[in-house]
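Report on the following structure.
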Amino acid sequence: MLQVSYIRDNREKVLERLAVKNFKQPELVDEVLALDNDRRQTQNRLDGVAAEANAAAKQIGELMRAGNKEEAEALKAKTGSWKEEVKTLGNALAAIETELNQKLVLLPNLPHSSVPVGYSAEDNVVAFEYGSKPELPANALPHWELAAKYKLIDFELGVKITGAGFPVYTGKGAKLQRALIAYFLDEAEKAGFAEVIPPLVVNEASGFGTTQLPDKEGQMYYINEDKLYLIPTAEVPVTNLYRDVILKAEELPVKNSAYTQCFRREAGSYGAHVRGLNRLHQFDKVEIVQIAHPDKSYELLEQMSLHVQGLLQKLGLMYRVLRLCGGDMGFASALTYDMETWSAAQQRWLEVSSVSNFETFQSNRLKLRFRNAEGKTQLAHTLNGSALALPRIVATLLENNQTEQGIRIPEVLVPYTKFEWIG
RNA sequence: GGAGAGGUGUCUGAGUGGUCGAAAGAGCACGCCUGGAAAGUGUGUAUACAUCAAAAGUGUAUCGAGGGUUCGAAUCCCUCCCUCUCCGCCA
């Protein structure tokens, strides 16, 4: 969430930036500022009264110790009104803060100056395109049919034991999953990301820290009995590793990678675009996360983008990089690149990665800070990216690499799969 | 699931009504000492908010969370949360 002090000092800029994000309730900014003003005034008065009451209490203690009971009693008699006022002002302050926070969490992050103006996915800018469309055999199949033909993924079996969107990977399909996970983790390690295996369920505080809550609880599976959420991405547990932490400047950047399964309710999705592996309730993903010094975060974002692109290149996939426009960017992001691979049989682009810099938007909620050169605490920047999400990579691999003889496994994966062909 | 113990600063740990943001030790930082290091020694070492142009300073809050008693709460009372130990179950 945005820092109130920043909004206070940069009202015009905040409004101008929110407009780029196509934010519909700019009036919230002034409401926040008014409440902030209230808050400061109220706290000021409360602090003053509390100071008087504290001083009196201290004096009473001294008088009692000196055995001066009469004066102590006289002073006691005067404390009643302060007590009342402290309570009243305290309640008022709490109410103001509650309202302030309710409004504050509704404000999205401010987009970086390089973010293109736009309203929807149509307005995203293609920043880079790599590779060329593969030539497929005449009888080319979409991945869900390939998966059935070679017995790689059984969607119906998943429906039986769980429901739609929970595929069962079988045979070489299962091995391919494991190979991709291991390959992505190894590549992340080479790039300096330290692997962690976090819990797959998180508490409410974690969901709030990375901004899934309070807004997007509908996207997450919730375990009512224990008040825990199934993670929609490893971003949530991994970034929350550093909640309430003050890092040393020399510890930055913190770089972690994690493979987790991800769970998304994706309520209301249907149709051809969600067929097969295109959209699942449970899927595998390797995520990379960084905690960065504010001066370095954009440089690191570019590095993460290049890391993801390197993976796609080594897998031999045609892809493009999108610079998301303000209207299509996530709530918490300041700058996002989406990577999409070309799915040759479906004849469409599939999003396989999203790399974002959240600046201090998450760290402000997480209270994730570092000690800067002046020895003061300062909010760190958080970044993350998928490197990579498996299902659509698998979809693209199957479709784009299909031949008359079967499906060719990319060279870099063979040491992991231990087979070169599916077929 | 049953029984018990406990939550204090970076850590260990003292503190059962006032002088406690909190002893002591460890750690860490800086200095002295040293040819250099170790040892020794000295000093410092929470966070947030407010006030201020800013810093200094000052005020307020925070000893798991919330509420209560009291002039005054880390300390007493209530509720909740969490952790640990033992037993049971179990990969």
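In what follows, chains are A, B, ... by sequence order, proteins preceding strands, each numbered from 1.
Put simply, the side chain of A:Q402 gets close to the backbone of A:L141: a donor and an acceptor are under 3.5 Å apart. A:N240 places a side-chain N or O within 3.5 Å of a backbone atom of A:V236 that can act as its donor or acceptor partner.
With a 3.5 Å ceiling on both atom-pair distances, B:A73 lacks any Watson-Crick or G-U wobble partner. Across the strands present, B:U34 finds no partner; the criterion is a Watson-Crick or G-U wobble pair with both atom distances under 3.5 angstrom. In this entry B:G59 has B:C49 as its Watson-Crick or G-U wobble partner, both defining distances falling under 3.5 Å. Nucleotide B:A91 forms no Watson-Crick or G-U wobble pair with any nucleotide shown, as no partner meets the under 3.5 Å limit on both distances. Of the nucleotides present, B:G2 is the one that pairs with B:C86 by Watson-Crick or G-U wobble criteria, both distances under 3.5 Å. B:A14 is unpaired under the criterion used here, namely a Watson-Crick or G-U wobble arrangement in which both key atom distances are under 3.5 Å. Pairing of B:G7, defined by two Watson-Crick or G-U wobble distances under 3.5 Å, is identified with B:C81. B:C20 is unpaired under the criterion used here, namely a Watson-Crick or G-U wobble arrangement in which both key atom distances are under 3.5 Å.
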Revision key, fill the gap. Scoring nucleotides 61-83 of chain B by protein non-hydrogen atoms under 4.0 Å (B base, S sugar-phosphate only, - none) yields S------S--BS-----------

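B:U69 and B:U16 are spaced 16 Å apart, taking the C1' atom of each and rounding to whole Å. A gap of 36 Å separates the P atoms of B:G68 and B:A53, to the nearest Å. For the C1' atoms, the distance linking B:G13 with B:A24 amounts to 8 Å, nearest Å. Nucleotides B:U58 and B:G6, compared at atom P, are 39 Å apart to the nearest Å. Between B:C78 and B:G42, the two C1' atoms lie 48 Å apart (nearest whole Å). A gap of 24 Å separates the C1' atoms of B:C63 and B:G4, to the nearest Å. As rounded to the nearest Å, B:G1 and B:U60 have P atoms that lie 45 Å from one another. Between the C1' atoms of B:G9 and B:A3, the separation comes to 33 Å (whole Å).
Separating the CD1 atom of A:I246 from the C1' atom of B:A48 is a distance of 10 Å, rounded to the nearest angstrom. In this structure, A:D9 places its CG atom 12 Å from C1' of B:A53, rounding to the nearest Å. A straight line from CZ of A:R243 to C1' of B:U47 spans 17 Å, rounded to a whole angstrom. Summarising the geometry, the separation between CD on A:Q43 and P on B:G59 is reported as 15 Å, rounded to the nearest angstrom. Rounding to whole angstrom units, CG of residue A:D38 and C1' of B:A50 are separated by 15 Å. Taking atom CG on A:L247 and atom P on B:U47, their separation rounds to 14 Å, with Å as the unit. As a whole-Å value, the separation of A:E97 CD from B:U60 P is 17 Å.
Each of A:D47 and A:R40 has a nearest nucleotide on RNA chain B; the 5'-most of these lies closest to A:R40.
In summary, the side chains of A:Y169 and A:D154 do not present any donor paired with an acceptor at a separation below 3.5 Å, with no hydrogens or angles considered. A donor and an acceptor atom, one from each side chain of A:T336 and A:S333, are located under 3.5 Å apart. Residues A:T382 and A:Q362 bring a donor and an acceptor atom of their side chains to less than 3.5 Å of each other.
Within 4.0 Å (heavy atoms only), A:K248 reaches no atom of the nucleic acid at all. Residue A:L46 is classed as having no contact, given no heavy-atom separation below 4.0 Å to the nucleic acid.
For the pair A:K227 and A:Y222, the cation-pi criterion (under 6.0 Å, within 45° of the ring axis) is not fulfilled. Stacking of A:R323 on the aromatic ring of A:Y337 is not recorded, the 6.0 Å distance cut-off and the 45° axial limit not both being met.
Side-chain N/O atoms of A:R371 include one lying less than 4.0 angstrom from OP1 or OP2 on B:U47. The side chain of A:R39 contributes no N or O atom lying less than 4.0 Å from OP1 or OP2 of B:C49. A sub-4.0 Å separation between OP1 or OP2 of B:A48 and a side-chain N or O of A:T377 is present.
Within 6.0 Å of the CD atom in A:E420, the count of heavy atoms belonging to other residues, nucleotides or ligands does not exceed 12. Counted within 6.0 Å of NZ on A:K216, heavy atoms from surrounding residues, nucleotides or ligands total more than 12; the atom is thus considered enclosed.
The nucleotide whose nearest atom lies closest to any side-chain atom of A:A51 is, among B:A50, B:U60, B:A55, B:U60.
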